[in-house]
Amino acid sequence: MEIEKLKPILEALFSASDKPLSVNQLFDLFVGDIEQPTRDEIRKAIEELSEKYSANGFELKQVASGYRFQVRTDFETWVVRLWEQKPPRYSRALMETLALIAYRQPITRGEIEDIRGVSVSTNIIKTLLERDWVKSLGHKEVPGRPTLYGTTSGFLDYFNLKSLNELPTLAEIRDIDQFNPELVLFPEEKKEVASNH
Amino acid sequence: MEIEKLKPILEALFSASDKPLSVNQLFDLFVGDIEQPTRDEIRKAIEELSEKYSANGFELKQVASGYRFQVRTDFETWVVRLWEQKPPRYSRALMETLALIAYRQPITRGEIEDIRGVSVSTNIIKTLLERDWVKSLGHKEVPGRPTLYGTTSGFLDYFNLKSLNELPTLAEIRDIDQFNPELVLFPEEKKEVASNH
Amino acid sequence: MHKVFASTASNQSEMPFALVEGEPLTVIPQDLYIPPDALLVFLEAFEGPLDLLLYLIKRQNLDVLSIPIAAITRQYMEYIHLMEQLELELAAEYLVMASMLAEIKSRMLLPRPTESQDEDDPRAELVRRLQEYEQFKKAAEDLDNLDRLEREIHLTHIDIPKFKVKLALPTVELNDLMSAFRDVVNRAEQFASHHVDREPLSVRERMVIVLDRISAEDFTSFNDFFNPAEGRMGVVVSFIAILELLKESLIELVQTEPYAPIYVKAKS
């Protein structure tokens with residue numbers, strides 16, 4: 001395969017992949033194609049790409065498990081500002097997902113969807129995992145082997161709980177509603193902001 | 001600020017951000033810097049970057065809420081091999097509801113139901129709100145004050161559009177005047193009806 | 001189970017047309033038999049009465065502007081009948097449409113006053129609705145065919161080195177979590193099929209602790225899960241947690257012979 005034809009394909013692959021890609025992994029991706037690059041051609045294309053991106057805002061970098069595009073540290077000053085803005089707010093969907101994981105663990109994504117009646121986006125699960133409030137407990141032995149989720153000790157720490165037992169039960173939550181009707185747990189405008197996330 | 005100095009900074013920002021960035025958002029990121037680019041300089045740099053990436057595996061694309069790097073669709077064949085997961089599919093009911101909201105906004109649920117001839121499930125509206133494709137625009141001042149729905153910039157971003165104008169044009173409805181009352185009598189049809197009774 | 005057959009009314013150049021046994025059928029071509037499950041899928045594929053009507057019109061290559069009301073009404077009623085036979089949940093909208101069709105049909109049979117001939121075709125409203133629906137049905141298809149994220153459009157994932165980011169994470173109050181749970185349970189209870197039980201959380205928590213400690217490779221002693229220091233309550237909670245995990249087939253209990261030690265391992 002011509003290097004010039006291979007280069008944009010590799011650019012597309014490196015930019016799309018959320019993991020580093022090795023020469024072997026790349027080689028395997030072309031198996032079965034009419035035009036199949038050799039490992040040497042892939043290596044040559046990577047070399048030329050590294051050269052090409054040497055002065056960009058991001059570079060093609062070799063790490064242990066392969067190559068990946070990564071933002072150049074020279075631009076840290078500006079990049080960090082992207083996240084320094086005001087803290088975002090979690091969506092209602094995320095809160096309900098977290099609540100179901102807390103109260104119904106171990107639970108699969110499908111079970112959460114069944115109860116909520118709406119699909120749960122991958123991002124919600126990702127956010128909860130990244131926040132270290134939720135972890136995988138293994139897989140359920142049903143077709144598809146879905147991941148079982150549960151809360152972490154980080155979750156308990158954040159909410160200042162010693163154990164899950166300290167979470168109020170549903171009956172207690174409803175009692176609070178009854179005895180303090182004026183104490184609205186989720187004020188109306190908060191709800192709207194959350195659902196618009 | 002020199003354009004040549006600004007370009008790699010913008011590259012770093014676009015590659016690091018998980019959301020499209022607008023000229024104004026970019027401008028704000030430089031506020032307080034000694035060297036602060038003007039909006040025009042930012043526009044110029046973006047233009048040059050779009051040009052620079054026009055033949056790469058990924059491109060700088062303008063969508064409703066700003067610019068983002070995205071993989072060129074020409075390389076989809078290879079890119080999809082990186083993932084096992086199939087993209088989510090949406091039901092016809094959901095797509096029809098979304099189309100009505102997109103083309104007829106602001107529109108109430110009742111109006112959608114009138115055109116579709118069936119009730120719209122709460123789950124569809126909820127999914128559309130949660131995906132941030134649709135938002136409430138207020139209430140219609142009729143009995144019951146039903147919510148008026150419209151699409152968001154998130155909807156345009158998702159469908160790779162800059163504005164609602166880029167939506168495919170609606171098929172034309174042939175005028176009802178074409179409808180010729182002279183031709184409406186179907187003698188055999190009438191016969192059939194008569195013999196059925 | 002209803003036996004359902006499909007037959008082509010070939011002399012009318014129609015597409016395969018399904019009929020329930022019992023309806024007057026002349027020839028039943030064996031090769032066109034539609035299994036009931038498939039027919040169910042077919043009938044469920046309609047997005048409502050307008051969609052079904054459009055299908056009936058289109059499959060005869062007819063224009064929406066010239067609907068043969070009597071023929072379409074008859075076919076429509078046959079499908080409604082089929083849906084009833086298959087115990088498909090028949091939305092009220094289908095029945096409303098049936099009565100609308102019947103009304104149009106009866107009005108068309110009446111002799112019309114000659115002077116008002118150029119307006120007032122009883123089908124006009126139906127045609128308008130069909131046209132409008134068809135327009136948005138097409139729009140939905142066009143929208144579905146647009147390139148979109150997660151399908152044709154892929155964002156770049158360019159790695160960000162460990163920058164010293166002062167990540168401003170959203171804050172959450174325990175109250176928010178509680179009210180989210182209350183809301184989701186309240187909602188689930190409206191749809192009767194979902195019952196969210198109010199099990200003591202201690203069991204749930206213990207289930208997680210058990211899952212954390214076991215693996216598919218190693219055998220963990222059953223006894224290790226019981227700590228006498230926790231008292232009778234603690235032992236009972238552990239026991240229920242293990243039973244619950246067994247019920248959900250998340251764990252296996254292994255015992256090589258009677259009275260031998262029992263081991264717990266994750267389902268492999």
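Letters go in sequence order (proteins before strands), and every chain restarts at 1.
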Part of [X] lying under 4.5 Å from any heavy atom of chain C:
{"X": "A/Ser163", "result": "both"}
{"X": "A/Lys19", "result": "neither"}
{"X": "A/Arg68", "result": "side chain"}
{"X": "A/Tyr149", "result": "neither"}

Exercise. Of all of A/Lys61, A/Arg116, A/Lys135, A/Gln70, which one pairs up most often with chain C through heavy atoms under 4.5 Å apart?
Worked result: A/Gln70

Problem set entry | Which of A/Gly150, A/Ala12, A/Pro20, A/Pro106 touches chain C most, by non-hydrogen pairs under 4.5 Å | A/Pro106

Problem set entry | Among A/Glu59, A/Glu11, A/Glu48, side chain to side chain donor-acceptor pair (under 3.5 Å) partner for A/Tyr53 | A/Glu11

Problem set entry | Which atoms of C/Leu155 approach chain A - backbone, side chain, both or neither, heavy atom under 4.5 Å | backbone

For this session: Report, as yes or no, whether the 6.0 Å neighbourhood of atom NZ on A/Lys126 holds more than 12 heavy atoms from other residues, nucleotides or ligands.
Result: no

Exercise. Taking C-beta and beyond as the side chain, do C/Asp176 and A/Tyr90 meet within less than 4.5 Å on heavy atoms?
Worked result: no

Problem set entry | Heavy-atom side-chain proximity of A/Asp74 to A/Arg72 below 4.5 angstrom | yes

Exercise. With sequence neighbours left out, what residues match C/Ala140 under side-chain contact (heavy atoms from CB on, under 4.5 Å)?
Worked result: B/Met95, B/Glu96, B/Ala99

Problem set entry | Steps toward side-chain contact (heavy atoms from CB on, under 4.5 Å) verdict (A/Phe58, A/Phe75) | CA-CA 9 Å; A/Phe58 50 92; A/Phe75 304 104; over 6 Å; no

